[in-house]
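The next block holds one structure in the form of structure tokens; read it before the comments.
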There are 2 protein chains.
Amino acid sequence: MGLNALFKALGDETRREILRRLARGDMAAGEIAAAFDLSWPTISHHLSVLKEAGLVQDEKKGQYVIYSLNTTVFQDIAGWLFDLLGTITERQPAKKGEARKENGK
Amino acid sequence: MGLNALFKALGDETRREILRRLARGDMAAGEIAAAFDLSWPTISHHLSVLKEAGLVQDEKKGQYVIYSLNTTVFQDIAGWLFDLLGTITERQPAKKGEARKENGK
DNA sequence: TGGTTAATTAGATTTATTTCTAAATATCCC
DNA sequence: GGGATATTTAGAAATAAATCTAATTAACCA
């Protein structure tokens, strides 16, 4: 369920904002939490969703947990996008006014 | 909430499969429903989610409702992706082993 | 060791989402 | 018009998601 978790993770404004901040540089969990008007456990939960989706990584550094963006999964998104757009361009465009009735298989 | 609806819509396997089929060509609602092991109302609901997100369009054609992919919103996804990746490349890479402690504002 | 700071886990609550069946609406055709 | 087909709307049930407070775990420090 890679793409599912990925898109679900991205379908939340708070999580996208976390990613935007991590794009500027790595941050500790508490530093991230402080940037939002939400409780720490809530942010902690969002971070775990992002981590499950492969969008971020974490690394324990003493008493801190440093989060960083994992850019490799963006290839999955791009790949999915290209697949879909590729499929579109493959099909022959019907002539204007021509009816399509076949639905292949 | 454009991106929110967009990513949420994409976070469902059934809906992504609908998009994949529409990428091959326009289809009537019933034709789509027939391709899945789900009830018509369920598919109808998924179609409305996709429509809300701007991923598909519909057009009434006699007694049929023909759905088609709306490719323009993919620019939104690509734009969001590029923004994020752009932000990453903007930041100067820290030298190996060097600690980052600033968090900009 | 004991206190303080950092972060997560547990458990509960509220709100969304997915899915169904049944009913309603719209269009076609005779 | 009236029946048949296509699709959506209504309403309900089950599951998942977002959020909170309280409690727990982990690491530092004096």
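Numbers restart at 1 for each chain; the letters A, B, ... are given by sequence-line order, proteins then strands. Hydrogens, waters and symmetry mates are skipped; everything else that's a heavy atom, side chains included, is used.
- Not counting sequence neighbours, Arg15(B) has no partner by the salt bridge (charged side-chain N to carboxylate O under 4.0 Å, His left out) test.
- For Ser48(B), there are no side-chain hydrogen bond (donor to acceptor under 3.5 Å, both in side chains) partners two or more places apart in sequence or in a different chain.
- Contacts of Ala28(A) with the nucleic acid, taken as non-hydrogen atoms under 4.0 Å apart, involve only primed sugar atoms and P, OP1 or OP2.
- Partners of Lys61(A) by side-chain hydrogen bond (donor to acceptor under 3.5 Å, both in side chains), not counting sequence neighbours: none found.
- Rounding to whole angstrom units, CD of residue Glu31(A) and P of dT5(C) are separated by 17 Å.
- Each salt bridge (charged side-chain N to carboxylate O under 4.0 Å, His left out) pair with one or both residues in residues 40-58 of chain B, not counting sequence neighbours, appears once here: Lys51(B)-Asp58(B).
- Every residue was checked against the side-chain hydrogen bond (donor to acceptor under 3.5 Å, both in side chains) condition with Thr14(A), not counting sequence neighbours, and none meets it.
- Here the range on DNA chain D touched by chain A, meaning any atom under 4.0 Å from one of its heavy atoms, is dA17(D) to dC28(D).
- The nearest pair of heavy atoms linking Ala9(A) to Val49(A) is CB-CG1, 4.0 Å.
- Taking five base pairs at each end of the helix from dT1(C)-dA30(D) to dC30(C)-dG1(D), the local helix axes there meet at an angle of 20°, rounded to 10°.
- Side chain of Arg91(B) to backbone of Ala23(A): a donor-acceptor contact under 3.5 angstrom is found.
- The side-chain contact (heavy atoms from CB on, under 4.5 Å) with Leu50(A) is formed by just one residue from the set Leu6(A), Leu19(A), Leu10(A), Leu22(A); it is Leu19(A).
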At under 4.0 Å between heavy atoms, how does the protein contact nucleotides 12-19 of chain C? Give one character per nucleotide, 5' to 3', with B, S or -.
-----SSB
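- Taking the nucleotide of DNA chain D with the nearest heavy atom to each of Gly30(B) and Ile43(A), the more 5' of the two is matched to Gly30(B).
- The distance from atom CD of Gln57(A) to atom CG of Leu69(A), rounded to the nearest 0.5 Å, is 8.5 Å.
- Taking 4.5 Å as the limit, some side-chain heavy atom of Phe36(B) sits within range of a side-chain heavy atom of Glu17(B).
- Residue pairs satisfying the ring pair (Phe, Tyr, Trp, His ring centres under 6.0 Å) criterion with at least one member in residues 69-90 of chain B, sequence neighbours excluded, are listed as follows: Phe7(B)-Trp80(B).
- For the segment residues 52-69 of chain A, the set of residues with a heavy atom within less than 4.0 Å of an atom of DNA chain D comprises Lys60(A), Gly62(A), Gln63(A), in numerical order.
- Cluster partners of Tyr64(A) are Ile66(A), counting Ile, Leu, Val, Met, Phe, Trp and Tyr whose side-chain heavy atoms approach within less than 4.5 Å, directly or via other members.
- Qualifying side-chain hydrogen bond (donor to acceptor under 3.5 Å, both in side chains) partners for Asp12(B), counting only residues two or more places apart in sequence or in other chains: none.
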